[in-house]
Amino acid sequence: MQFWRYFVVLLGIWFFLGACGEEEPVKKIDLSKLQELPLVKHDNAITYAYLPQYAHTVSYQRHHLVMDYLAKSTGLNIRQVFPDTFDEHMNMVGRGLIDITFSNPFIYVKIADRYGARAFARVVESVGKENFRGQIICRADNQQIKSLSDIKGKRLIAVDPTSAGGYLYPWGFILERGLRARDFSEVAFAPGPGGKQEKVVMAVYSGKYDVGLIREGTLEIVADKIDLKQIRVLAHSPWYPGWVYAARKDMNPAAVAKIKQALLALDINNPDHQIILKKAGFIAVMPAQDSDFDVVRRLQTMVESKAEH
């Protein structure tokens, strides 16, 4: 009986292999020819994205009330989307997949000059400033770094090459003091998608890097994760224009006008609005235009001119 079981199984395998070998010729696949599948919008919603300087959960927590408010105030169908990286955020604007972008002014300058996005509003932050700045940090117990002049030869980490507060502003400040990338033992950027501001702080906190570049306000975001007494702010960059709302090129002007009007109407003295604004981390929204960010363009030109190739 055992022999017949094996015989039946072997007979079945023989028929299967014969069918595969005789009737289905082997097809070669050319892996050098790859086609990118386009991302598409699946509905008629207006897409809204917060540049992923922090983790997606933070992006959602800070802006979902703004989203709800805009939808109710304008009657428009608005949906928040979550790019993983700064580059993906810019590319999605260029491909028409992000309609309304809330980004740092460095990213804004790039999407304006590359893709025709246009600023229509910018925020006043919770410290009462319409501008913001970067910070240069180290561990408080790092005995080799007493002042900014001591960072030469150290390991430095920044947020991203397209970060304003976490790279452009403080790096420009460093370059203006005569230092160059070659003067550091290492210059790196935070790895992976999202949460890069936090990653810079953690890299300095853990001792992996000696110096970090972040935007002011980041330390408050990570206050529940680390002992802030272990982090020392070595210097601040100058103040530059703050975060900006922009619409992609060719977006319906009437829809942009509705969204702008609703944002400008937010009032910190209104109890309902106060909740929205405090969660988002700003206290007011003011009108903006593209020329407001020419100072950022000039800083970008300076930094690029001093880059080592």
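FYI, the numbering just counts along the sequence from 1. Below, each value reflects all heavy atoms present in this structure, side chains not excepted, and no hydrogens, waters or symmetry copies.
Note that OH of Y205 and SG of C138 are 14.0 Å apart. Values are rounded to the nearest 0.5 Å. The distance from atom NZ of K152 to atom CG of D183, rounded to the nearest 0.5 Å, is 5.0 Å. The line from NZ of K196 to OG1 of T218 is 14.0 Å long, rounded to the nearest 0.5 Å.
Shown here is K249, whose NZ atom has no more than 12 heavy atoms of other residues, nucleotides or ligands within 6.0 Å. Annotation for Q261: atom CD does not count as buried by contact number, only 12 or fewer foreign heavy atoms lying within 6.0 Å.
Ring pair F282/Y245 is perpendicular by interplanar angle, where above 60° counts as perpendicular and below 30° as parallel. Using a 30° and 60° split on the angle between ring planes, Y60 and F82 fall in the tilted class, from 30° to 60°. Ring geometry for F189 against Y167 counts as perpendicular: the plane angle is over 60°, on a 0 to 90° scale with 30° as the lower cut.
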(Q) Does W243 form a ring-ring contact (aromatic ring centres under 6.0 Å, His included) with Y50? I'd like the steps, not just the answer. (A) CA-CA 10 Å; W243 277 53; Y50 175 11; 5.6 Å; yes
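When the side chains of ILVMFWY residues are joined at heavy-atom separations under 4.5 Å, either directly or via intervening members, L168 and W239 end up in two distinct hydrophobic clusters.
The side chain to side chain contact (heavy atoms under 4.5 Å, CB included) test with V211 is passed by exactly one of V187, V204, I145: I145.
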Name every donor-acceptor pair, under 3.5 Å, that has one atom in a side chain of residues 266-280 and the other anywhere in the protein, sequence neighbours excluded.
residue: D267; atom: OD1; partner: N269; partner atom: N; Å: 3.0
residue: N270; atom: OD1; partner: D272; partner atom: N; Å: 2.9
residue: N270; atom: OD1; partner: H273; partner atom: N; Å: 3.4
residue: H273; atom: ND1; partner: D267; partner atom: N; Å: 3.0
residue: Q274; atom: NE2; partner: I268; partner atom: O; Å: 3.0

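There is a side-chain donor-acceptor pair under 3.5 Å between D160 and T162.
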